[in-house]
Amino acid sequence: MSSVVDQRPEPAIAKVSRAVAPRRRTRLLALPEARWALASVVLFLLALPVYLLDAPVWVWGPLFAATYATGGWEPGWEGLKALRDRTLDVDLLMVVAALGAATIGQVLDGALLIVIFATSGALEAVATARTADSVRGLLDLAPATATRLREDGTEETVDAERLAVGDVVLVRPGERVGADGQVLKGSSDVDQATITGEPLPVAKHAGDEVFAGTVNGTGALHVRVEREPADSVIARIVRMVEEASETKAPTQLFIEKIEQRYSIGMVIATLAVFGIPLVFGDSLQSALLRAMTFMIVASPCAVVLSTMPPLLSAIANAGRHGVLAKSAVVMERLGQVDMVALDKTGTLTEGTPRVTDIRPAPASGLDEDTLLALAAAAEHPSEHPLARSVVQAARERRLAIAEATDFASAPGAGVSATIAGSTVQVGSPAHLAPTGRPGVAADVRALEEQGRTAVLVLRDGAPVGVLGIADRLRPDAKATVAALTELTGRTPALLTGDNERAARRLAAELGITDVRAGLLPQDKVAAVREWEAQGLRMLVVGDGVNDAPALAAAHIGIAMGKAGSDLALETADAVVVRDELAAIPAVVALSRRARRLVLQNLAIAGTFIAALVAWDLIGTLPLPLGVAGHEGSTVIVGLNGLRLLREAAWPTPAQTEK
């Protein structure tokens, strides 16, 4: 599909505007359906007055013939191709009905059917294009060029698509960031509303992450590219939403399954409506006109269009707000959940825990720095948030981190590695020392009673110390739990590999009563299957490698995208790119609204079909009125579904609790 893009200038340096996705709109006449519909309407309007003024047939006849050709050739051709594949297309039936009306002298009525039908098809094409535009417009956020710094410190302007991992780019005040990366030098306020949904600019300093397409404030930043342009957050949003748009929800698949049977039955019924009156003495013209009208009003066009526009609009809207539903199936299932299970670290908490306590074992002979350096060396290859906090603490103390070999990781238990010839294990005390170890058991118990996560360090099988790690609760965690409780009617559960005391302390702050702690990945899966066996459709939210099996086992799984592991992101059905828990109840509420619109559309379509069919069979339904009713219902359900494209359709925190 070709499109014309309205280009908007970049914000001036003196005045940085809020980062809003440019409006990338497909022009109406760029769509072939719109061009053919316009030609059909123009020809019809030229033919109508001369026909009504009783001009000779050679005047209005060619104009009506051209109206039929321009408005009906494309659906007719597509219908013939479908018929060749032994599929009955309802579009073909509309064209046949129009030609049938013309053969019995109802040339005007047939032309009107073609015009309305072509216009309806054009409106559907425009609506579909607008849905795609709303997502593809995010691509315009990324600038076309970037200022790359050479090794000698000089600058060069390059296409943003040519940037590679490791390149350093200069982002001047007021410019858009050219790629996802890490700030090396400088500080500024960056408006990243289009990516994270944060209403205010965020202060960025050395070491902070920035996203392509966000708007820099008044400072200059040196940014090292961390992702290829094709793997940027914006590109991933667009790619995943477009892939989701190509899928079909179970409701849509069911409708398409019965569509063929319905269409065949409708053709048989049309023949009966035509033949039975003839047997009882009705005229050929009257019987044929009634049959053509019946075939038009009984066509399931509106029913077929009832499902996908609401779901695709919801997918696009969620994508704009940083929630990626990977398919229409996912968007439909999100609104079906009965209960939510939440991970702790990186989900309910910020996922950036800090080392708060360093307690060497008395018999180890180690001091705090040596113990921390030893643990950091073993944890260095790991991607777990707790491991990163240990490494970060060692770096903050400027400790030398030794090279690790024979690294191994057991999700939910810990890691092991060889450091300077010794085997070092770092992980959960419950799994590394299930029966307790003299000299460290008291430290473990004391840290856990304080709500800390205790991390045990073993060297050659002997305990050498314990680290205490604490994570901060997300600011929106309590409101999210309350909103999910309101939506599902059940308080969410907490699934975590952390210790029982720390988990229950955090759960008490949030009002969660069902706490399952000290779980390995298989234990989380078992818990999910236990709930599913009770007939509950589970939504699991997590971010780590140990959450991936539970995400896959649940009715629906959502991964926190900012801190989430690659495995969790691939396994989950949906991904929250922005680091906000509040997006989860929002997308669940959006899905439920989409499902309500689907039901509304089916009710509207069914009511129109039933009323028009009854009118045609019991009384005499004029063909133009039947056409208007049929096509009008199709347009109504299409536009009703597209309501979810509006910015106002994204639920606010107050709306998600209703």
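Just so you know, residue 1 is the first one in the sequence shown, and it goes up from there.
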A side-chain contact here means heavy atoms from C-beta on lying under 4.5 Å apart; do L510 and L494 qualify? no
N/O donor-acceptor pair under 3.5 Å between S591 side chain and M331 backbone: yes
Any non-hydrogen side-chain atom of L506 less than 4.5 Å from a side-chain atom of T496? no
Is S188 reaching over with its side chain to a backbone N or O of V190, donor-acceptor style, under 3.5 angstrom? no
If we ignore hydrogens and angles and just use 3.5 Å, is the side chain of N216 paired with the main-chain N or O of G219 as donor and acceptor? yes
R646 CZ: over 12 foreign heavy atoms closer than 6.0 Å: yes
Nearest non-hydrogen partners of A586 and W650, listed with the distance: CB-CZ2, 3.4 Å
Answer yes or no: is there a side-chain heavy-atom contact under 4.5 Å between V165 and E228? yes
Look only at the side chain of D514 and the backbone of A493, and say whether a donor-acceptor pair between them is shorter than 3.5 Å. no
In the structure I gave you, are the side-chain heavy atoms of V177 and F211 within less than 4.5 Å of one another anywhere? no
Non-hydrogen atoms of A594 and L311 that approach each other most closely: CB-CD2, 4.2 Å
Donor-acceptor check, side chain of D189 to backbone of G217, threshold 3.5 angstrom: yes or no? no
Report the distance from atom CG of L644 to atom CG of N317, rounding to the nearest 0.5 Å. 7.0 Å
Counting C-beta onward and ignoring hydrogens, is there a side-chain heavy-atom pair between V575 and I558 closer than 4.5 Å? no
dist D573:CG -> R333:CZ (nearest 0.5 Å) comes out at 7.0 Å
Please tell me if the side chains of L495 and V528 come closer than 4.5 Å, counting only heavy atoms from C-beta onward. yes
Could you tell me whether Q336 atom CD has more than 12 heavy atoms of other residues or ligands within 6.0 Å of it? yes
If you take all heavy atoms of A554 and V540, which pair is closest and at what distance? CB-CG2, 3.5 Å
Output yes when D343 and K524 qualify as a salt bridge under the 4.0 Å nitrogen-oxygen rule, no when they do not. yes
Taking the side chain as C-beta and beyond, is there a heavy-atom pair between F608 and V637 under 4.5 Å? no
Is there a donor-acceptor pair closer than 3.5 Å between any side-chain N or O of D167 and the backbone N or O of V225? no
What is the minimum heavy-atom distance between A325 and I315, and which atoms define it? O-CG2, 4.3 Å
Under 3.5 Å, sequence neighbours excluded: what are the donor-acceptor pairs made by side chains of residues 475-482?
residue, atom, partner, partner atom, Å
D476, OD2, L581, N, 3.1
D476, OD2, A582, N, 3.2
T480, OG1, D476, O, 2.8
T480, OG1, A582, N, 3.4

From R35 atom CZ to E33 atom CD, the distance as rounded to the nearest 0.5 Å: 8.5 Å
Non-hydrogen side-chain atoms of L597 and Q600 separated by less than 4.5 Å: yes
Counting only N and O atoms by type, is there a donor-acceptor contact under 3.5 Å from the side chain of R176 to the main-chain atoms of A212? no
Ion pair R227/E209, N-O distance below 4.0 Å: yes
Please lay out, stage by stage, how M560 and T347 fare under the test side-chain contact (heavy atoms from CB on, under 4.5 Å). CA-CA 7 Å; M560 302 299 291; T347 301; 4.1 Å; yes
So among Q534, R537, M538, which one has a side chain to side chain contact (heavy atoms under 4.5 Å, CB included) with M339? M538
I'd like to know if the side chain of D208 and the backbone of H205 have a donor-acceptor N/O pair within less than 3.5 Å. yes
Could you tell me whether the side chain of R592 and the main chain of L487 form a donor-acceptor pair under 3.5 Å? yes
